[in-house]
Amino acid sequence: MKKYLVINEFTRPDVADKAFTKTMVVDADDANGALLQVAHDALFNKNGDKWDMAANDGRLDQSTVGIYELVSGENELPAMVE
């Protein structure tokens, strides 16, 4: 298992130029697994996170802007979307 830093950006639907970020450190086999784990946790909101709840209700837009493997420090998200 590797450690990944996943950065999600949240914006209000009517104010896209003002964003805030939420960072999470995730243990996963690869960057795709880290992204899937974060998406699963956000969808089912097991921790009762208010930001995830607002995104699930449509009050906030959410997108992943970076997935960094902590040892290499390389953002693996661009390679995932190619």
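Keep in mind that the numbers below use all heavy atoms, side chains included, and drop hydrogens, waters and symmetry copies.
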>> To the closest 0.5 Å, what do you measure between CD (Glu9) and NZ (Lys22)?
In response: 14.0 Å
> Is it true that Val6 and Leu77 fall in one hydrophobic cluster, defined by side-chain heavy atoms closer than 4.5 Å?
Replying inline: yes
> Roughly how far, to the nearest 0.5 Å, is the CE atom of Met1 from the CG atom of Asp27?
Replying inline: 6.0 Å
>> Would you say Val25 ends up clustered with Val65 if hydrophobic residues are merged whenever their side chains have heavy atoms under 4.5 Å apart, either directly or through other cluster members?
In response: yes
>> Could you measure the distance from the CG atom of Leu43 to the CG atom of Asn45? Nearest 0.5 Å is fine.
In response: 9.0 Å
>> Give me the atom names and distance for the closest heavy-atom approach of Met80 to Asn32.
In response: CE-CA, 3.6 Å
> Which heavy atom in Asp29 sits nearest to a heavy atom in Lys2, and how many Å separate them?
Replying inline: O-CD, 4.2 Å
> Hey, what do you get for CZ (Arg59) to CZ (Arg12), rounding to the nearest 0.5 Å?
Replying inline: 12.0 Å
>> Using modelled atom types and a 3.5 Å cut-off, is there a donor and acceptor pairing between side-chain atoms of Asn56 and backbone atoms of Ala42?
In response: yes
>> Restricting to ring-ring contact (aromatic ring centres under 6.0 Å, His included), what partner residues turn up for Phe10, sequence neighbours left out?
In response: Phe20, Trp51
> If every non-hydrogen atom of Pro13 is compared with every non-hydrogen atom of Asp61, which pair is closest and at what distance?
Replying inline: CA-OD2, 3.5 Å
> Is the backbone of Ile67 close enough, under 3.5 Å, to the side chain of Asn75 for a donor and an acceptor to pair up by distance?
Replying inline: yes
> Looking only at heavy atoms, which two atoms of Asn8 and Gln62 are closest? And how far apart?
Replying inline: ND2-NE2, 2.9 Å
> What are the two closest non-hydrogen atoms of Ala34 and Ala28, and how far apart are they?
Replying inline: N-CB, 3.4 Å
>> With a 4.5 Å cut-off on side-chain heavy-atom distances among I, L, V, M, F, W and Y, is there a chain of contacts connecting Tyr4 to Met24?
In response: yes
>> Let me confirm one number: the NZ-CG distance from Lys50 to Leu60, rounded to the nearest 0.5 Å.
In response: 13.0 Å
>> I'd like to know whether Met53 forms a side-chain contact (heavy atoms from CB on, under 4.5 Å) with Asp57, so could you lay out the CA-CA distance, the side-chain angles of the two residues, the decisive distance to 0.1 Å, and finally the verdict.
In response: CA-CA 6 Å; Met53 187 181 312; Asp57 291 345; 3.9 Å; yes
> Between Thr64 and Gly66, is there a donor-acceptor pair closer than 3.5 Å when you use the side chain of the first and the backbone of the second?
Replying inline: no
